[in-house]
Every structure is written in C-alpha cells, then in structure tokens.
Amino acid sequence: MRLSSPEVYLEFDERGNLLRLEQPKTGRNYLADGGCELFRLTLVETYEGKVLPGELRLTPETAERVELSREEDALLLTFFRLDGLEIDIAAGVSLQGEKAVWTLRVENRTDFAVRQIEYPWFLFRTPLGDAPETERILLPKQDGILLGNPFLYPWQKNPDGIQEERYWYPGEGRQWPRNLSVQMTAYYDEEGGILLYTADPEGHPKRLGPVLREEGRVDFAPVHLRPEIGGESFSLEYPVVTRFFTGDWQDAALAYREWAETAPWCEKTVAERKEIPGWVKQGAFFLSFRLRYQKGGERFLEEVPAFVRSWQERLNMPVVAMMCGWEKVGEWAGPDYFPPYGGDSRFAEMCRALKEDGNRAFPFGLSGLKLLIRRHQPKSGEQPHLAIDYDARKRFREEWVHAAALDPNGVPYMDSNLDEWDGVHAYACPASDQAMDQLCGASLKMLNDYGVTIQQADQVLGGGTPCCYSTEHGHPQGWGLWQIQALRRIYDETRRRCKEIDPDFALSEEWISEPFIQHLDLYHARNYDKPQGGLEAVPLFSFLYHQNLPCYAGDWTPFLPSNQSGVHFHGWNFVCGNLPAGSPIDMLGEFENHPLEDADPKILEMAVHACAAFQKHTDFLVEGKMLPSAPLDVPKIPMTIKGLDFGCPRTEIELPSVLHIFWEAPDGRRACALANIAEEPLCFTLPLAGYHRGAETVQGEYNGGERLEEFPVDAEGAVALKLAPRDALFLLI
C-alpha cells in the first residue's frame with residue numbers, strides 16, 4: 001500500500017513493513033535495503049503492583065494478523081495479538097504538507113506493562129549517497145554535536161561493543177552527561193537530509209540518536225520511555241514527525257523551530273520575562289576559583305573580595321564569584337553542606353563584602369540529588385590536596401534511604417567509588433521531600449543566612465533525574481512525565497520562595513533541556529568546549545532558544561599561558577551570546593588560585609575586548625535570537641580544546657580564525673558579532689546574505705567602543721572587514 005504527496009512517498013507491504021521512505025523531488029529512499037518493521041515493544045511483567053525482573057521484546061512479525069486501512073492522506077496499520085498475547089498495536093501515519101506524522105496506540109489486556117516503544121523503527125541506509133565524507137547526524141547531546149559516517153568517523157561504543165550515540169531526553173539523571181537538550185535529530189549530506197522529531201510539548205522521557213546495526217544499517221528509532229503500569233492501554237501522547245530538508249544543521253533546526261516556538265517553553269522571551277533579574281540581563285563575568293587549598297587556609301575567605309575585585313577592575317565588568325569547595329565536607333560533597341567552609345560568620349562576611357563591591361557570591365554549586373554515603377581520597381593519591389574522609393552511612397540509613405531512587409529490584413541506585421571525586425552515593429527521588437530540601441531548602445538557607453542570590457542545580461544534567469521503582473513515593477514506577485513535573489515543582493518553589501525574599505535571586509541548572517526553560521533564570525552552557533564527542537560541537541540549543549533563556553559559560557577555562565585555546569573561549573562566548581567566564585586556575589591540575597598578574601596577556605586581552613563588546617549589546621547577545629550564519633572564507637587554525645572531555649577523547653580540530661554569528665534583537669534590528677582568534681590581522685569579506693536592508697554602509701564597533709568605523713556595502717551585499725588579533729567587532733546591519 002502506498003501513501004504519497006509531492007513531498008513524501010511511503011510504501012508498505014501487506015504485513016505492515018515500511019519498504020520506502022522517499023523524497024519524490026530527489027528520488028532518494030532513506031531506508032536500508034529491505035525496509036524495516038514499524039516498532040519494537042518492550043514489556044515487563046507485574047505482580048501485585050510491582051514490576052518483576054526481566055524483559056520481553058515483541059515486533060510486528062509476532063502479530064497473528066495485520067490490517068491496513070487508508071483514508072485520503074492517512075494510513076492505519078493494526079497489529080493484533082502480538083505473540084499470542086492480548087496486546088494490539090495501531091500505528092498511524094498521515095501526510096500533512098511537507099511532513100509525515102506518525103501516531104501510535106497500544107491496547108493492553110494483560111498483566112504486562114510497557115517499558116518502552118521504539119517507533120517508528122526506522123533503519124536508514126549508510127552511506128546516504130556518493131559522498132559519505134559529507135554525511136552528518138545532528139544530535140542534541142548536551143548543547144549539540146555533529147556525528148560523521150560511522151565507517152569513516154566511528155561513534156561511541158556501548159558496553160556490548162556496538163557503535164551507539166543514543167542518549168536520554170531530558171537526561172538519564174545519574175553519573176554522566178548523557179542528556180539530550182532537544183527532542184530532534186537529523187541525518188543529511190551535501191544533497192539533502194531528513195529531520196525527525198517528537199512534537200511533545202510536555203517533555204515525556206525518551207531516547208534519541210543513531211545505533212549502527214548489522215549490515216551497516218543505522219537504527220534511527222525514537223525510544224519512548226513509559227511508566228510501568230500493568231494492563232495499561234494508552235495512546236502515545238505526541239506524534240513523531242519526519243520531514244525532508246536541504247542544507248545543514250541550521251536548516252534542520254529552523255524547520256524544527258517552526259513547531260518548537262508553539263511549545264510552552266517558548267511562552268515568554270528573555271525580554272518579556274520580568275522575573276529574570278536585571279543583573280543577569282545586563283551581563284556579568286563568571287570567575288571560577290577555589291576556596292580551599294589556599295595559603296592561609298580558611299583565612300583566604302577574608303582575601304576573596306580583594307582577589308575578585310582585581311579581576312573586576314581589569315575586566316571592567318561585575319563578577320560572579322564561582323567558589324568551588326565551599327561545602328562543609330569538601331568539593332562536590334552534599335547534601336551535608338552546612339556550616340560552609342570557613343564558618344558561618346566568616347563566610348557571611350565574605351559574601352557581604354563581595355556584594356558591597358558590586359559582585360556576587362556563587363557557592364558552586366549544589367550537588368544535585370546526590371546523597372553522599374562514603375568518600376575517601378587519601379593524601380597519597382594523585383590529588384593529595386583533595387584528601388577527604390567522609391562517612392555518612394549511618395545518616396543514609398536513618399534519614400535518607402526512604403527517599404532514595406530505587407532500581408527495578410527495589411535497591412537504591414549506587415554510583416562511583418570511594419576514591420572518586422564524588423564518592424559512593426545514591427540519589428534522592430525527585431518526587432521526595434528530601435529532593436525538595438536538597439535544592440530549595442539549601443538555596444533558602446544560602447539566601448537567608450549568607451545573602452547568596454544565585455544558586456545552581458549542579459549535576460542534574462539537563463534536568464535528567466533517575467527513574468524510580470519505589471511504590472512509596474507517590475509516582476508510577478519507571479520512567480514518566482512525573483520526573484519532569486517533580487523537578488519543575490522544585491525549581492518553581494525555589495524561585496518563588498527565594499525571589500519573595502530577594503528579587504535578584506537567580507536559579508541555574510547544569511546544561512539544559514527544553515521542558516525547564518521557563519522554570520529557570522539562566523543555565524550553565526558548554527557550547528564553547530568542543531568537541532564533546534562527534535566531529536564538531538554546534539550551538540544547537542542556543543540557536544533554538546537563546547531568546548528564551550540566558551546562559552553563562554562558566555567552567556574550568558583558565559586564563560593561564562598553558563591554555564592554548566583560551567583566546568578561542570572568550571571569542572566564542574562573545575559571538576555566541578554566552579555570559580562570559582574564565583578561571584585563574586587550571587582546576588584539572590592545580591589547587592592554588594593565580595593572581596591577575598599570572599594571566600596570559602593575549603587571553604586577557606581577548607576577554608577584556610569581549611566583555612566590553614558584550615555589555616554594550618546585551619539587547620542582542622542576552623535577549624536576542626541567533627540567526628543562521630554561513631561559514632566565512634578565512635584561514636583555519638588547528639587547535640586542541642582544553643576543557644572537560646566527559647569521556648570523549650580530545651583530538652586536534654580546525655577552527656575558523658574569525659568566529660562570527662548573526663543576531664536579531666527583540667525590536668527586529670540585526671547585527672553580526674565577530675572575533676579574530678588568530679595571531680595576525682585578517683582581511684576578509686562578510687556576506688550579509690538576507691540580513692542587509694539596503695543601506696550603503698554599515699557601522700562597526702570595535703571592542704565595545706574602542707573605535708567606530710563605517711563599512712561600505714558592495715553591489716553583492718557584502719562588506720570588506722579587517723580585524724586585528726583579538727578584536728571583538730559588533731557590526732550593526
């Protein structure tokens with residue numbers, strides 16, 4: 001049976017297998033030879049309301065019979081009695097303009113529960129065409145990455161040795177940042193591609209991304225994760241959409257944005273969100289450093305205001321003092337936080353003095369939902385200054401175990417090791433009172449006792465929380481929308497209560513996913529730290545949502561001469577609209593903070609120029625929308641990024657010597673931010689594409705007003721520019 005339009009051609013056989021997924025304009029069939037079955041269903045057995053160990057996977061071939069019925073531009077495929085069980089699947093597809101829209105209903109008359117559904121179970125061909133070196137898969141891992149053809153540029157391998165880049169949306173919620181920020185992915189080459197997304201405005205948990213199967217087939221199925229309720233029949237709460245496109249990742253993102261802008265997380269822009277504090281919208285520099293391990297011990301807290309002031313004066317920008325090691329026990333050791341390092345009075349006085357200078361204390365950060373049980377790092381280890389011996393086993397058993405997230409066997413999830421940076425820990429279930437106390441309670445205490453007006457849900461990577469099988473926490477067992485709702489409830493309560501005390505309070509999260517955009521004031525981005533796997537990192541999340549939620553780029557990005565990518569960091573944060581950041585310490589290898597005098601002059605110059613330009617144009621770079629930006633014809637620079645690899649190996653990559661991104665302000669004005677990260681002056685041409693509005697000249701501002709220049713626009717709608725090394729240019733077009 002066939003379903004076709006000028007944009008999409010689908011063909012099925014009598015058993016409901018999809019044989020062709022074709023773009024009529026090009027004649028390209030994206031499916032691997034032989035086509036694919038439509039779904040894979042994973043079931044678990046339940047008994048007296050509890051989920052039993054083990055899984056059962058069923059596919060359409062086990063159906064006793066299949067019925068196909070067509071109505072105009074829609075097709076319904078019904079699979080009856082899978083594997084002899086009283087389970088029927090109704091899969092629907094309709095053609096709506098350029099889109100194919102896929103729906104699903106499960107009729108379940110058994111004691112089994114649905115754990116997950118892989119649907120549509122697409123198996124794509126690779127290579128797509130005659131130029132596999134141009135193939136890319138856009139994956140919204142963290143901020144966004146591009147994968148290459150798996151035979152030319154191998155992907156990550158799972159524990160079974162299979163090349164797999166399938167991750168969790170909004171996050172897996174445990175030890176590693178396996179989160180997806182956006183519920184879309186795309187597969188394309190120089191001839192065109194296919195976009196796949198789930199049009200889910202609530203943010204149900206799911207997994208997306210490619211898996212390399214046998215015979216070189218790419219499994220592209222979205223995996224829909226379900227609460228495990230025995231005998232539950234349901235319709236999938238949202239459709240899956242496929243759509244062909246031409247271009248690169250930005251074109252795929254623009255097509256996705258047509259739907260995303262209708263979702264509740266785009267309800268208000270940054271300009272419209274009055275609850276986001278003015279100091280965030282006006283910009284601040286996030287300076288990350290250590291409180292512990294400094295000369296003088298706890299007395300260093302008395303020196304912190306002057307230390308921060310020296311950086312504030314050089315950068316000419318308010319500073320957010322990101323202080324690692326503020327916790328009572330040691331770095332990243334919660335939820336037993338108080339009294340903080342240095343004691344209550346000394347810590348409070350430090351925060352007060354920072355505020356008096358126009359800066360902000362940022363105890364970085366709250367260790368998410370982790371429940372630290374045991375940690376032992378000896379002085380004889382690789383990091384002797386991080387030595388800590390902490391035992392909370394008794395407290396866990398007496399106070400916390402009832403709130404711990406449980407695995408399918410009813411046992412608390414346990415991660416890490418005694419001598420790892422975060423020790424042996426469990427996780428508070430997000431639906432528990434303990435989880436609320438760890439984030440909301442700690443934020444309130446920080447604000448009331450020490451005047452701290454910014455806090456971060458750190459290690460809640462992208463808003464991911466562990467699924468939980470407890471029957472005592474008031475939620476369904478397994479994955480479910482309940483996780484997202486529980487965490488949003490914590491964020492909303494934290495912001496409400498803290499802003500009632502001080503409207504300047506801001507809540508952040510480490511990385512971000514769509515469902516939490518309107519529930520935070522800003523987030524911690526790492527789109528400057530590339531590659532985080534794959535061939536290239538791209539600012540996908542900022543491209544889609546910068547106008548809805550600000551981000552800051554704070555992390556371990558040292559100002560020191562050892563950081564060969566430091567100029568790039570500051571140039572990229574400027575053009576990408578990240579609130580700027582840096583560190584006076586290489587936190588991966590040092591313990592003692594460096595004074596301003598030790599900063600590399602070139603890195604510092606780029607930072608100063610970027611800060612000046614950023615502050616002058618926050619209407620674009622904080623409140624504005626990122627626009628598509630074609631590559632410039634400029635020399636490439638080989639570079640190995642010095643950042644956090646999160647399990648992804650560091651390789652030398654090539655970056656353009658001039659970084660640039662086009663922007664649109666809330667009032668419709670357009671501009672381009674540019675930064676020269678090379679060691680020499682560069683002359684080049686900037687095509688203004690569809691952004692130029694007919695003026696004979698455009699105005700450029702170097703380094704926040706250091707000098708102004710008018711540039712003539714040629715007959716082709718382009719401008720000839722010249723940038724000195726470490727120039728930050730803002731071009732109003």
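Checked against a 6.0 Å centroid threshold, the rings of Tyr528 and Phe569 count as neighbours. Less than 6.0 angstrom separates the ring centroid of Tyr337 from the ring centroid of Trp326. Proximity of the aromatic rings of Tyr427 and Trp400 is defined here by a centroid distance below 6.0 angstrom, and this criterion is not met.
Residue pairs meeting the ring pair (Phe, Tyr, Trp, His ring centres under 6.0 Å) criterion with at least one partner in residues 437-471, sequence neighbours excluded, are Phe347-Tyr450. Here salt bridge (Lys or Arg N to Asp or Glu O under 4.0 Å) pairs that include residues 307-320, with residues two or more places apart or in two chains, are Arg309-Asp357.
Partners of Trp265 under the side-chain hydrogen bond (donor to acceptor under 3.5 Å, both in side chains) rule, at least two apart in sequence or in another chain, are Tyr545. By the side-chain hydrogen bond (donor to acceptor under 3.5 Å, both in side chains) test, Tyr293 pairs with no residue at all, sequence neighbours left out. A search for side-chain hydrogen bond (donor to acceptor under 3.5 Å, both in side chains) contacts involving Gln518 returns nothing, not counting sequence neighbours.
When every heavy atom of Asn703 is checked against every heavy atom of Ala612, the shortest pair comes out as O-CB, 3.5 Å. The two residues Gly334 and Ser367 make their nearest non-hydrogen contact at N-OG, 4.2 Å.
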Point to revise | Residues Asp389, Arg374; criterion salt bridge (Lys or Arg N to Asp or Glu O under 4.0 Å); working and verdict | key: CA-CA 8 Å; Asp389 190 359; Arg374 183 75 174 94; 2.7 Å; yes

Exercise for review: Starting from the C-alpha separation in whole Å, work towards a yes-or-no answer on side-chain contact (heavy atoms from CB on, under 4.5 Å) for Phe559 and Leu596.
Suggested key: CA-CA 9 Å; Phe559 275 103; Leu596 177 65; over 6 Å; no

Practice item. Report the C-alpha separation of Thr494 and Leu507 in whole Å, then their side-chain angles, then the decisive distance to 0.1 Å, and conclude whether the side-chain contact (heavy atoms from CB on, under 4.5 Å) test is met. Key: CA-CA 8 Å; Thr494 302; Leu507 181 64; 4.3 Å; yes

Check your understanding: Does the salt bridge (Lys or Arg N to Asp or Glu O under 4.0 Å) test come out yes or no for Glu349 and Arg352, once each step is laid out?
Key -> CA-CA 5 Å; Glu349 175 57 25; Arg352 186 203 62 77; 2.5 Å; yes

Exercise for review: Any chance you could lay out the side-chain contact (heavy atoms from CB on, under 4.5 Å) test for Met350 and Met323, step after step, and finish with the verdict?
Suggested key: CA-CA 11 Å; Met350 174 192 68; Met323 303 174 290; 3.5 Å; yes

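The local environment of NZ in Lys328 is crowded, with over 12 non-hydrogen atoms from other residues, nucleotides or ligands closer than 6.0 Å. Within a 6.0 Å radius of CG in Asp336, more than 12 heavy atoms belonging to other residues, nucleotides or ligands are found. Other residues, nucleotides and ligands contribute more than 12 heavy atoms inside 6.0 Å of the CD atom of Glu272. A 6.0 Å sphere centred on CG of Asp433 holds no more than 12 heavy atoms belonging to other residues, nucleotides or ligands.
With no hydrogens or angles considered, no side-chain donor-acceptor pair links Ser443 and Gln455 at under 3.5 Å. At a cut-off of 3.5 Å, with distance as the only test, a side-chain donor of Tyr552 or Gln456 sits close to an acceptor on the other residue. For the residue pair Gln312/Asn359, the side-chain donor-acceptor check at 3.5 Å is satisfied. Defined by atom type and a distance below 3.5 Å, a donor-acceptor pair is missing between the side-chain atoms of Glu420 and His376. A side-chain donor from one of Glu514 and Tyr169 sits under 3.5 Å from a side-chain acceptor of the other. No side-chain donor-acceptor contact under 3.5 Å links Asp586 and Asn563.
Between Arg290 and Glu331 a salt bridge is recorded (basic side-chain N to carboxylate O distance below 4.0 Å). Electrostatic pairing of Arg489 and Glu493 does not count as a salt bridge here, judged by no charged N lying under 4.0 Å from a carboxylate O. By the 4.0 Å N-to-carboxylate-O rule, Arg393 lies close enough to Asp391 to be salt-bridged with it. A salt bridge does not link Arg375 to Asp422: none of the charged nitrogens lies less than 4.0 Å from a carboxylate oxygen. Salt-bridge formation is not detected for the pair Arg299/Glu303: no Lys NZ or Arg NE/NH1/NH2 atom is positioned less than 4.0 Å from an Asp or Glu carboxylate oxygen. We find that Arg497 and Glu500 are not joined by a salt bridge, their nearest charged nitrogen and carboxylate oxygen being 4.0 Å or further apart. Asp143 and Arg526 are not joined by a salt bridge, as no carboxylate oxygen comes within less than 4.0 angstrom of a charged side-chain nitrogen. A salt bridge does not link Asp492 with Arg488: none of the charged nitrogens is closer than 4.0 Å to a carboxylate oxygen.
Here CD of Gln294 is found 9.0 Å from CZ of Phe289. Values are rounded to the nearest 0.5 Å.
With a 4.5 Å cut-off on side-chain heavy atoms, Phe362 and Val452 do not count as touching. By the 4.5 Å heavy-atom criterion applied to side chains, His402 and His473 are not counted as neighbours. The shortest side-chain heavy-atom distance between Phe286 and Asp555 does not fall under the 4.5 Å cut-off. Using a 4.5 Å cut-off on side-chain heavy atoms (C-beta onward), Phe338 and Met446 make contact. For the pair Gln142/Asn179, a side-chain contact is recorded, criterion being any heavy-atom separation below 4.5 Å from C-beta on.
When Lys281, Lys499, Arg360 are each tested for a salt bridge (charged side-chain N to carboxylate O under 4.0 Å, His left out) with Asp504, only one passes: Arg360. For the side chain to side chain donor-acceptor pair (under 3.5 Å) criterion with Tyr491, the lone passing option out of His519, Glu509, Arg496 is Glu509.
Ring planes of His570 and Phe285: parallel class, angle under 30° (limits at 30 and 60°). Ring geometry, Trp168 versus Trp479: the interplanar angle falls under 30°, so the pair is classed parallel (tilted spans 30 to 60°). Using cut-offs of 30° and 60° on the angle between ring planes, the pair Trp572 and His568 is parallel. Taking the six-membered ring where the residue is Trp, Trp663 and His546 present perpendicular rings, their angle passing 60° and hence far from 30°. Using bins of under 30°, 30° to 60° and over 60° for the plane-to-plane angle, the ring pair Phe730/His617 lands in the parallel bin.
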Just list the side-chain donor-acceptor pairs under 3.5 Å for residues 461-468, sequence neighbours left out, or say none.
residue: Thr465; atom: OG1; partner: Gln483; partner atom: NE2; Å: 3.4

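Both tests pass for Lys141 against the ring of Tyr167: distance under 6.0 Å to the centre and angle within 45° of the axis.
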